[in-house]
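The structure under discussion appears below in the form of structure tokens.
In listed order, ligands and their atoms are each counted from 1.
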Amino acid sequence: MPRLQLPVRPRRLRRTAALRSMLAETRLAPEQLIQPLFVTDGDDYEPVPSLPGISRIPLRRLAQHCAGLLALGLRGVALFPKTDPALKTPDGREALNPDALLLRATREVKDHVSALCVFNDIALDPYTTHGHDGILNAAGDDVDNDGTVEILAQMAVLNAQAGADFVAPSDMMDGRVAAIRAALDADGQEGTGIMAYSAKYASAFYGPFRDAVGSSRRADAAPISKATYQLDPANRREAAKEVRLDEAEGADILMVKPAGPYLDIIRDTRESTSLPVAAYQVSGEYAQLHAAAERGWLDLRAAREESLLAIRRAGADLILSYFAETRAREG
Ligand code: PBG
């Protein structure tokens with residue numbers, strides 16, 4: 001065989017495992033991962049069938065569970081309550097109950113594992129009978145933007161008072177970041193940050209999450225549409241606009257969600273701001289990898305790593321992922 005005369009042979013740098021690991025351009029450390037946690041008032045762990053390996057955690061076990069995450073090197077959790085259906089109302093008023101499950105859970109974590117950073121979702125969907133992120137208008141055919149923002153600002157203050165390090169508005173109402181910032185500051189909560197779900201798409205990948213918090217419609221009803229407030233998956237410029245607005249309104253961290261199908265948006269966001277960028281690898285992204293692995297069609301560990309690295313490579317500083325705990329444990 002004649003040898004090719006090639007001065008540049010890129011494969012030289014991929015020759016050994018040592019070289020490959022030394023030259024990896026993107027790295028993933030446990031402190032870059034945030035574990036979403038579902039909390040229940042029930043007595044026992046409640047496995048979520050559509051999220052293999054994920055259970056709702058009983059409040060009395062939460063502190064112990066969080067101490068375990070901290071020991072694994074994770075530094076942040078995002079808390080989501082599974083609200084008792086009897087407490088749900090059309091106006092989601094349980095969100096403003098000072099004794100609501102989310103607030104008790106926050107106090108529990110901050111009392112016992114204060115080193116862990118707590119990010120709390122701000123939206124009404126765990127509390128409303130209709131499952132929307134806000135209250136409905138008089139006609140009942142859309143979410144009332146300004147009325148919802150007023151409630152969310154109060155909700156954010158309660159979460160800050162309970163000890164949340166960050167509030168994370170996920171509702172996609174116009175003007176909510178500014179209103180939340182003003183309400184927090186007026187209450188003396190200048191130290192509480194805002195991680196804004198800035199580019200949150202009306203995605204089909206949220207299904208398992210809605211099972212976990214119980215915000216899905218009945219099995220026989222059409223899935224709920226959030227298209228009047230969440231972004232159209234067809235749009236890229238619209239995300240840039242939302243990101244700009246949230247930064248101008250005072251967000252501390254900007255988030256793109258989902259992550260894997262929206263790597264271009266993560267990259268755009270990374271290049272348009274000097275703020276930290278977070279990405280949420282959502283429930284459906286996790287569930288699809290597990291489902292394929294269960295059938296023997298994918299190697300879960302390798303697919304998990306690749307999915308997370310791709311999100312980092314696109315420009316995310318932080319990743320919210322249901323894989324956080326296993327990734328921290330197994331590498
Ligand atoms: C609700 C909220 C959702 C998620 C996070 N916060 C669902 C929704 O908008 O319906 C989805 C997260 C996931 O799928 O993992 N405001």
Report the relative orientation of the aromatic rings in Tyr280 and Tyr197; use parallel for angles under 30°, tilted for 30 to 60°, perpendicular for over 60°.
tilted
For atom 8 (C) of ligand 1, which protein heavy atom lies nearest, and how many Å away is it?
Lys226 NZ, 3.3 Å
Do Val77 and Phe80 share a hydrophobic cluster (ILVMFWY, side-chain heavy atoms under 4.5 Å, transitive)?
yes
In terms of hydrophobic clustering (I, L, V, M, F, W, Y; side-chain heavy atoms under 4.5 Å; direct or indirect links), are Leu245 and Val167 co-clustered?
no
Counting each atom of ligand 1 from 1 as listed, which ones have a heavy atom of Tyr280 under 4.0 Å away?
12 (C), 15 (O)
Can you tell me the protein heavy atom closest to atom 1 (C) of ligand 1 and the distance?
Asp125 OD2, 3.0 Å
Ligand-residue contact atoms, ligand 1 with Asp121, heavy atoms, under 4.0 Å:
6 (N), 16 (N)
Tell me, please: is Tyr286 in heavy-atom contact with ligand 1, that is, under 4.0 Å?
no
Ion pair check, Glu108 and Arg104, cut-off under 4.0 Å:
no
So which protein heavy atom does atom 15 (O) of ligand 1 come closest to, and at what separation?
Tyr322 OH, 2.6 Å
Using a strict threshold of under 4.0 Å (side-chain N to carboxylate O), is an ion pair present between Arg301 and Glu305?
no
Could you report the tightest heavy-atom contact between Ala63 and His112, atom names first, then the distance?
CB-CB, 3.6 Å
So which heavy atom in the protein is nearest atom 14 (O) of ligand 1, and how far is it from that ligand atom?
Ser283 OG, 2.7 Å
State, to 0.1 Å, how close Pro30 and Ala328 come at their nearest heavy-atom pair, and which atoms those are.
CB-CB, 4.3 Å
What do we get for Asp171 next to ligand 1 when only non-hydrogen atoms under 4.0 Å count, side chain, backbone, both or neither?
neither
So which heavy atom in the protein is nearest atom 6 (N) of ligand 1, and how far is it from that ligand atom?
Lys257 NZ, 3.3 Å
Between Phe323 and His290, what is the ring plane arrangement, given parallel below 30°, perpendicular above 60°, and tilted in between?
parallel
Side chain, backbone, both or neither: Val282 near ligand 1, heavy atoms under 4.0 Å:
both
Closer than 4.0 angstrom: is that true for some heavy atom of Gln230 and an atom of ligand 1?
yes
Salt-bridge test for Asp165 and Lys110: reply yes if a basic N is under 4.0 Å from a carboxylate O, no otherwise.
yes
Number the atoms of ligand 1 from 1 as they appear, then name those within less than 4.0 Å of a heavy atom of Ala123, with their elements.
16 (N)
For atom 16 (N) of ligand 1, find the nearest protein heavy atom and state the residue, atom name and distance (0.1 Å precision).
Ser170 OG, 2.7 Å
Report the nearest protein non-hydrogen atom to atom 2 (C) of ligand 1: residue, atom name, distance rounded to 0.1 Å.
Lys200 NZ, 3.3 Å
